[in-house]
**Q** 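If you scroll down you'll find the structure; I have some questions about it.
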Amino acid sequence: MASTSLASTREDFPIRLVVVLCAATALGPLAMQIVMPALPLIQRHFAISTGTTQLVFSVSAFAIAFSTLVYGPVSDRFGRRPAILGGLLIYVIGSVICILAPTIHWLIAGRVVQAAGGCAGIVLSRAIIRDLFDRDRAAQMIAYVTMGMVVAPMFAPVVGGVLIDVFDWRAIFVLGGILGVLILMFVAKDLEETAPSIGPGGGGLATMLGSFRTLLGSRAYVAYCLQGAFSMSVFFAFLAGAPYLIIQSYGHSPSSYGLYFMLVSASFIMGNFAAARLTLRFGSDRMILVGSAGSLTAAIVTLVLAIGGNWTALALFGPMSFGAFFQGMSMPNGQ
């Protein structure tokens with residue numbers, strides 16, 4: 001059971017700790033997105049190819065994907081508090097490596113470490129809330145925490161662009177490191193252990209792998225996963241190319257890229273609201289079909305405009321914002 005002192009302060013939890021958990025959840029997505037306006041400058045600084053520069057972004061995505069599988073079993077064995085504190089400390093170490101990186105290889109390594117630590121909040125904030133509250137109350141609290149994953153990527157490219165315009169590309173990692181230290185301090189101060197039980201029994205790695213086998217044997221589960229994966233692949237392909245087009249080809253500033261990107265994030269949030277309003281009326285499967293059709297249409301429009309030589313910021317971000325709205329409709333239902 002959770003400790004008595006923690007249980008006695010549950011009424012203070014939404015006011016006192018949910019903000020910290022929101023920040024911990026936002027740290028990984030923020031670190032992933034804030035670097036996007038810096039990619040052309042990093043390429044120029046290290047005199048490297050575009051493909052090598054892309055590793056600064058892509059390896060962090062892989063690190064987040066694989067690290068999320070680790071924190072669950074670790075927190076079951078050693079506790080939520082040590083796991084999230086350890087993850088935040090790893091994030092800070094990764095940020096320092098990025099700040100001091102003398103070569104692109106050190107920068108890529110720092111991004112791997114930073115992403116592996118930053119995703120701790122994504123996994124463990126939800127687990128901590130589930131430890132403390134019943135299903136309905138936990139759903140409400142998780143909704144607040146999830147806002148961190150949506151809002152942070154929305155503003156991160158803008159903040160990154162301004163820092164680059166005013167200072168240098170390393171300033172984005174300085175900010176990330178400062179935020180990591182602050183969040184680490186607040187979590188250490190406010191979070192007590194919440195896991196009902198700690199030890200080798202229960203849901204360890206073997207249990208998790210067994211669950212994977214069960215899920216992968218479900219055709220419906222695989223289909224919903226693939227829908228989300230292919231939908232997000234469009235978004236990540238866009239992330240990989242948009243900074244170069246906007247900053248290098250179109251001559252806009254990094255902060256301008258961040259402002260354009262806000263259109264995409266805002267459209268995704270609007271799609272989430274539409275899904276919340278319409279799903280009960282039309283059903284999840286129909287919402288997924290409509291959302292997938294809209295995303296596909298946006299990708300086709302982008303391709304047609306590109307083939308037609310319409311190389312403008314509006315031609316790039318307009319269809320992507322349209323597609324992001326439909327992604328926002330389909331992905332919550334698929335999940």
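Model, not experiment: these values are computed from the prediction.
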**Q** Given the rule that I, L, V, M, F, W and Y join up when any side-chain heavy atoms are under 4.5 Å apart, are F326 and F238 in one cluster?
**A**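 Cluster IDs for F326 and F238 differ.
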**Q** Do any side-chain atoms of residues 281-291 form donor-acceptor pairs under 3.5 angstrom with protein atoms, and if so which ones, sequence neighbours left out?
**A**
residue	atom	partner	partner atom	Å
S284	OG	N333	OD1	3.1
D285	OD1	Y224	OH	2.6

**Q** Indicate the atoms forming the closest heavy-atom contact of P319 with L314, along with that distance.
**A**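 That closest heavy-atom pairing would be CD-O, 3.7 Å.
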**Q** Hey, is the main chain of G72 close enough, under 3.5 Å, to the side chain of S75 for a donor-acceptor pair?
**A**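 Checked: pair present.
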**Q** Answer yes or no: is there a donor N or O on one side and an acceptor on the other, between the side chain of Y71 and the main chain of G121, under 3.5 Å?
**A**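 No, Y71 side chain to G121 backbone: no donor-acceptor pair under 3.5 Å.
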**Q** Do other residues, nucleotides or ligands put more than 12 heavy atoms under 6.0 Å from the CE atom of M185?
**A**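 Not buried by this count: 12 neighbours or fewer within 6.0 Å.
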**Q** Quick one about S292 and Q227 (side-chain donor to acceptor, distance below 3.5 Å, no hydrogens or angles considered), yes or no?
**A**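 The answer is yes; a qualifying pair exists.
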**Q** Would you check if T103 and W106 make a side-chain contact, meaning some heavy-atom pair closer than 4.5 Å?
**A**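 Yes. Closest side-chain heavy atoms under 4.5 Å.
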**Q** Any side-chain heavy-atom pair from F261 and M320 closer than 4.5 angstrom?
**A**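 They are not in side-chain contact.
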**Q** For a quick test of reading the model, state the closest non-hydrogen atom pair linking P37 to I164 and the distance between them.
**A**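 The pair with the smallest heavy-atom distance is C-CD1, 3.7 Å.
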**Q** Compare every heavy atom of I122 with every heavy atom of T25, then report the nearest pair and how far apart it is.
**A**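 So the minimum-distance heavy-atom pair works out to O-CG1, 3.6 Å.
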**Q** Under 4.5 Å between any side-chain heavy atoms of Y221 and T214, yes or no?
**A**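 Answer no - side chains too far apart.
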**Q** With hydrophobic residues grouped by side-chain heavy-atom distances under 4.5 Å, do V113 and F62 end up in a single group?
**A**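 V113 and F62: separate clusters.
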**Q** Which heavy atom of A120 sits nearest a heavy atom of A83, and at what distance?
**A**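 Looking at all heavy atoms of both residues, the closest pair is CB-O, 4.5 Å.
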**Q** Hey, does Y91 have a side-chain heavy atom less than 4.5 Å from the side chain of L27?
**A**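 Heavy-atom side-chain distance check passes, below 4.5 Å.
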**Q** Does the S265 side chain pair with the main chain of M262, one donor and one acceptor, at a distance under 3.5 Å?
**A**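 Checked: no pair found.
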**Q** Just by distance, do the side chain of R81 and the backbone of L191 share a donor-acceptor pair under 3.5 Å?
**A**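 At least one qualifying donor-acceptor pair exists.
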**Q** Could you tell me if the side chain of F317 sits less than 4.5 Å from the side chain of I246, heavy atoms only?
**A**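 When only atoms from C-beta onward are counted, F317 and I246 do touch, with a gap below 4.5 Å.
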**Q** Kindly indicate whether the side chain of V35, heavy atoms from C-beta on, has any atom under 4.5 Å from the side chain of I42.
**A**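 A side-chain contact exists here, since the closest heavy-atom pair is under 4.5 Å.
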**Q** For F230, is there any backbone N or O sitting under 3.5 Å from a side-chain donor or acceptor partner on S233?
**A**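 Yes: the side chain of S233 pairs with the backbone of F230.
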**Q** Is there a donor-acceptor contact under 3.5 Å from the side chain of R170 to the main chain of I99?
**A**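 Yes, because the side chain of R170 sits within donor-acceptor range (under 3.5 Å) of the backbone of I99.
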**Q** Counting C-beta onward and ignoring hydrogens, is there a side-chain heavy-atom pair between S60 and M32 closer than 4.5 Å?
**A**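 Yes - at least one pair of side-chain heavy atoms lies under 4.5 Å apart.
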**Q** Could you tell me which non-hydrogen atom of A116 sits nearest to which non-hydrogen atom of A63, and how far apart they are?
**A**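 In this case the closest contact between A116 and A63 is N-CB, 4.2 Å.
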**Q** Verify side chain to side chain contact (heavy atoms under 4.5 Å, CB included) between I104 and V56, making sure each step is shown before the conclusion.
**A** CA-CA 8 Å; I104 187 61; V56 175; 3.7 Å; yes
**Q** As a quick check of understanding, evaluate side-chain hydrogen bond (donor to acceptor under 3.5 Å, both in side chains) for Q114 and S95, giving each step before the final call.
**A** CA-CA 6 Å; Q114 186 188 53; S95 298; 3.0 Å; yes
**Q** Between R111 and S58, is there a donor-acceptor pair closer than 3.5 Å when you use the side chain of the first and the backbone of the second?
**A**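 Pair absent, no side-chain N/O of R111 close to backbone of S58.
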